[in-house]
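Note that the coordinates shown come from a computational prediction; the quantities given were computed from them, not determined experimentally.
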Amino acid sequence: MLKEFREFALKGNVVDLAIGVIIGAAFSKIVDSLVGDVFMPIIGALTGGLNFDNAFIALSKGVTATNLADAAQQGAVLAYGKFITVSINFIIIAWVLFLVVKWMNRLKKTEAAAPAAPPEPSAQEKLLAEIRDLLRK
């Protein structure tokens with residue numbers, strides 16, 4: 001059983017998947033920073049200084065705080081600002097993945113469009129061609 005597991009774990013697909021997950025985690029951090037540190041401040045400036053990180057709706061009367069962390073401790077809140085930020089993250093990641101898949105498909109099409117040289121006939125095919133030519137004479 002250990003031998004089977006080692007063979008499974010060392011297959012190319014498993015290693016490729018592991019590398020993809022690691023790169024995906026790093027890419028996710030980059031996108032989080034891009035959205036949180038670049039896009040959201042610009043959107044906040046365009047909307048009059050609205051900070052989406054602290055955007056919430058109080059669901060109970062006991063919530064009097066003006067920031068999300070304190071409000072969540074006081075009672076139930078609907079933190080829609082985090083949802084907006086995560087939605088923007090998703091749109092960016094989906095767009096980048098779409099572009100990567102489109103680029104990969106374009107590469108596959110150019111490889112498929114390149115004509116391959118016809119294969120060299122086998123010895124048997126050459127012999128049959130010679131017999132055919134002799135019979136025609």
Just so I know, are the side chains of V35 and I92 near enough to count as touching, which here means a heavy-atom distance under 4.5 Å?
yes
With sequence neighbours left out, the residues meeting side-chain contact (heavy atoms from CB on, under 4.5 Å) with L59 are A76, L78
### Query
With hydrophobic residues grouped by side-chain heavy-atom distances under 4.5 Å, do V86 and F83 end up in a single group?
no
So the salt bridge (charged side-chain N to carboxylate O under 4.0 Å, His left out) pairs with at least one residue in residues 20-49 (sequence neighbours excluded) are none
side-chain contact (heavy atoms from CB on, under 4.5 Å) filter on I42, not counting sequence neighbours, yields V38, L46
Closest heavy-atom pair, P41 versus G36, reported as atoms and distance to 0.1 Å, is CD-O, 3.4 Å
For E120, the salt bridge (charged side-chain N to carboxylate O under 4.0 Å, His left out) test, sequence neighbours excluded, returns K126
Note: with side-chain heavy atoms under 4.5 Å as the link, the other cluster members for W95 come out as F98, L99
Taken in chain and number order and not counting sequence neighbours, the residues that satisfy ring-ring contact (aromatic ring centres under 6.0 Å, His included) with W103 are none
Distance col, row D70:CG vs N54:CG, nearest 0.5 angstrom, shows 9.0 Å
Excluding V101, membership of its hydrophobic cluster (Ile, Leu, Val, Met, Phe, Trp, Tyr; side-chain heavy atoms within less than 4.5 Å) reads none
What side-chain donor-acceptor pairs closer than 3.5 Å can you find for residues 127-136, not counting sequence neighbours?
none

- prompt: Shared ILVMFWY cluster between I84 and V31, side chains joined below 4.5 angstrom?
  reply: yes
Taking every heavy atom of V63 against every heavy atom of A71, the minimum-distance pair comes out as CG1-CB, 3.6 Å
Sorted by chain and number, sequence neighbours left out, side-chain contact (heavy atoms from CB on, under 4.5 Å) with K61 holds for none
To the nearest 0.5 Å, atom CG of L34 lies from atom CZ of F39 at 4.0 Å
Rounded to the nearest 0.5 angstrom, the CZ-CG distance for F90 and L97 is 9.0 Å
Taken in chain and number order and not counting sequence neighbours, the residues that satisfy side-chain contact (heavy atoms from CB on, under 4.5 Å) with K82 are L68
Minimal heavy-atom distance between T66 and F56, with the atoms involved, is O-CE2, 3.8 Å
